[in-house]
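So the structure is just underneath, and the comments pick up after that.
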Amino acid sequence: MAEIPTFYANEGLHTEIYDVFAARQSEDLPFWVGCAREFGGPVLEVACGTGRVAWALADAGYEVVGIDLSEPMLARAQAKQAEHPGAVATFVHADM
């Protein structure tokens with residue numbers, strides 16, 4: 001795996017505010033769910049961040065695996081499981 005830049009490797013302000021900014025961007029979610037509906041699953045989301053798209057797909061009933069270089073972002077994504085009862089997404093630390 002490539003050397004991970006400090007920005008991605010460490011918990012910090014960027015991971016703390018990521019969801020605040022991402023929450024303002026939800027107009028694309030129907031597009032991604034529509035793609036999954038058209039092409040089927042399972043779905044691999046590359047650079048999944050804190051799971052905004054992955055959880056929307058999982059809520060729609062798709063099997064989702066999200067990968068990201070940032071372990072702090074992945075920890076936040078996994079921590080959202082309680083907010084999505086019945087949905088399952090798997091998050092893996094990986095370099096795209």
Side-chain angles (χ1 to χ4, degrees):
M1 191 174 298
E3 184 176 328
I4 302 171
T6 303
F7 178 83
Y8 293 106
N10 298 325
E11 179 77 30
L13 185 59
H14 65 286
T15 56
E16 293 174 22
I17 64 171
Y18 185 87
D19 283 336
V20 173
F21 289 110
R24 301 167 85 182
Q25 300 174 331
S26 61
E27 62 276 351
D28 64 329
L29 296 178
F31 170 78
W32 296 117
V33 172
C35 286
R37 191 173 298 121
E38 182 177 348
F39 298 106
V43 176
L44 172 65
E45 184 187 1
V46 178
C48 65
T50 62
R52 181 181 69 88
V53 175
W55 282 117
L57 292 166
D59 286 340
Y62 293 95
E63 179 184 345
V64 181
V65 174
I67 67 168
D68 203 286
L69 189 59
S70 172
E71 291 184 273
M73 292 281 204
L74 291 169
R76 288 180 179 270
Q78 190 59 54
K80 294 178 182 179
Q81 176 66 62
E83 299 170 26
H84 301 274
V88 178
T90 303
F91 298 97
V92 178
H93 180 238
D95 190 347
M96 63 177 123

Checklist outcome for this item: Taking every heavy atom of Arg52 against every heavy atom of Asp28, the minimum-distance pair comes out as NH1-OD1, 2.8 Å
Checklist entry - Can you tell me how far the CG atom of Asp95 sits from the CD1 atom of Ile67, to the nearest 0.5 Å? => result 8.0 Å
Item to check | Nearest heavy-atom neighbours spanning Cys48 and Gly66 | outcome: SG-C, 3.6 Å
Checklist entry - Does His93 use its side chain to pair, donor to acceptor, with the backbone of Leu69 at less than 3.5 Å? => result yes
Next on the checklist: Quick check: closest heavy atoms across Val64 and Ala58, and the distance to 0.1 Å?
Outcome noted: CG2-N, 3.8 Å
Checklist entry - Under 4.5 Å between side-chain heavy atoms, hopping through other hydrophobics if needed: is there a path connecting Tyr62 to Phe31? => result yes
All N/O donor-acceptor pairs, side-chain side in residues 34-47, below 3.5 Å, sequence neighbours left out:
| residue | atom | partner | partner atom | Å |
| --- | --- | --- | --- | --- |
| Glu45 | OE1 | Ala54 | N | 2.9 |

Item to check | Distance in Å, Thr50 OG1 paired with Phe91 CZ, rounded so as to fall on 0.5 Å steps | outcome: 8.5 Å
Next on the checklist: Counting C-beta onward and ignoring hydrogens, is there a side-chain heavy-atom pair between Glu63 and Thr90 closer than 4.5 Å?
Outcome noted: no
Checklist entry - Can you name the closest pair of heavy atoms from Ala56 and Val33 and give their distance? => result O-CG2, 4.1 Å
Checklist outcome for this item: The reported gap from CH2 in Trp55 to NE2 in His84 (rounded to nearest 0.5 angstrom) is 6.0 Å
